[in-house]
*Asks:* 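Okay, here's the structure, questions in a sec.
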Amino acid sequence: DAGVTQSPTHLIKTRGQHVTLRCSPISGHKSVSWYQQVLGQGPQFIFQYYEKEERGRGNFPDRFSARQFPNYSSELNVNALLLGDSALYLCASRILNANYGYTFGSGTRLTVV
Amino acid sequence: DAKTTQPTSMDCAEGRAANLPCNHSTISGNEYVYWYRQIHSQGPQYIIHGLKNNETNEMASLIITEDRKSSTLILPHATLRDTAVYYCIVRVAWEGSEKLVFGKGTKLTVNP
């Protein structure tokens with residue numbers, strides 16, 4: 001079975017631009033979450049989506065948005081990029097209401113210059 | 001809003017047990033403790049999780065104190081490939097949502 005897949009793996013953007021990151025969850029996983037990991041820190045929660053609805057949002061500005069599609073894949077969008085948005089963006093999926101852990105993708109490394 | 005405290009780094013000899021401690025004194029009754037590890041900025045890898053009881057799987061054992069204020073992850077026979085950053089995490093749930101709250105992690109180095 002394929003794991004959680006994220007694209008692209010690496011990305012370089014200029015300040016002020018916008019970016020779209022993509023995530024495909026494990027088949028059957030309807031919950032998708034996004035995390036930001038700045039170098040040297042643990043991942044921080046950005047969003048959780050379940051059944052195409054936003055269920056939770058972390059302490060991130062409105063420049064960050066996301067959506068989930070009918071096939072449960074998800075996109076994370078960041079507008080007006082700042083240098084501080086440079087990070088590893090991780091997507092995780094799991095089956096809700098089941099006693100399992102989250103499976104993370106390998107992440108997208110975003111560098112803002 | 002980190003809910004866990006871990007040592008910054010630890011060393012372990014290859015073949016020996018690695019015992020990684022974690023404090024989560026503010027954990028609530030319905031919040032699970034998860035352990036993940038991360039190697040070279042890859043995605044975090046799930047190890048084990050528990051609520052109240054001790055748990056064991058093919059990778060590790062999780063010992064949770066009776067008051068649930070701390071836990072220990074045990075890798076019974078550490079290998080060089082176990083060198084990684086280990087995160088002790090609390091899964092927080094609220095109003096139909098949930099999130100993993102990561103701490104800063106422990107950098108475990110397994111030495112030959």
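Throughout, a chain's letter reflects where its sequence line sits, starting with A, and its residues are numbered from 1. Note that the coordinates shown come from a computational prediction; the quantities given were computed from them, not determined experimentally.
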*Asks:* Are any of the side-chain nitrogens in B:Arg68 or B:Glu31 under 4.0 Å away from the carboxylate oxygens of its partner?
*Replies:*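 No, no charged N to carboxylate O under 4.0 Å.
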
*Asks:* Checking B:Gln45 against chain A: side chain, backbone, both or neither under 4.5 Å from a heavy atom?
*Replies:*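 For B:Gln45, neither part sits under 4.5 Å from chain A.
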
*Asks:* So that I can tick it off, tell me whether A:Lys13 and A:Asp85 are bridged by a salt bridge, with the cut-off set at under 4.0 angstrom between side-chain N and carboxylate O.
*Replies:*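 The answer is no: the pair does not qualify as a salt bridge.
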
*Asks:* Whether the side chain of B:Tyr36 engages the backbone of A:Tyr102 through a donor-acceptor N/O pair (distance < 3.5 Å, no angle test) should be reported.
*Replies:*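 Yes.
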
*Asks:* Do A:Gln68 and A:Glu75 pair up side chain to side chain, a donor and an acceptor below 3.5 Å, judged on atom types alone?
*Replies:*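 Looking only at side-chain atoms, A:Glu75 and A:Gln68 do not form any donor-acceptor pair under 3.5 Å.
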
*Asks:* Which bit of A:Gln41 comes within less than 4.5 Å of chain B, counting heavy atoms only: side chain, backbone, both or neither?
*Replies:*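 Answer is both: backbone and side chain atoms of A:Gln41 are under 4.5 Å from chain B.
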
*Asks:* With A:Arg55, which residues qualify under salt bridge (charged side-chain N to carboxylate O under 4.0 Å, His left out), at least two apart?
*Replies:*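 Scan of A:Arg55 (salt bridge (charged side-chain N to carboxylate O under 4.0 Å, His left out), adjacent residues dropped) gives none.
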
*Asks:* Which residue is it: A:Arg94, A:His29, A:Lys30? I am looking for the one with a side chain to side chain contact (heavy atoms under 4.5 Å, CB included) to A:Tyr50.
*Replies:*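 Of all the options given, the one that passes is A:Lys30.
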
*Asks:* Which members of residues 105-113 of chain A, sorted by number, sit under 4.5 angstrom from chain B on a heavy-atom basis?
*Replies:*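 Listed by number: A:Gly105, A:Ser106, A:Arg109.
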
*Asks:* Side chain, backbone, both or neither: which part of A:Glu54 has a non-hydrogen atom closer than 4.5 Å to chain B?
*Replies:*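 Neither part; nothing is under 4.5 Å.
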
*Asks:* In terms of relative ring orientation, are A:Tyr35 and A:Phe45 parallel, tilted or perpendicular, with 30° and 60° separating the classes?
*Replies:*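 Ring orientation, 0 to 90° scale: perpendicular.
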
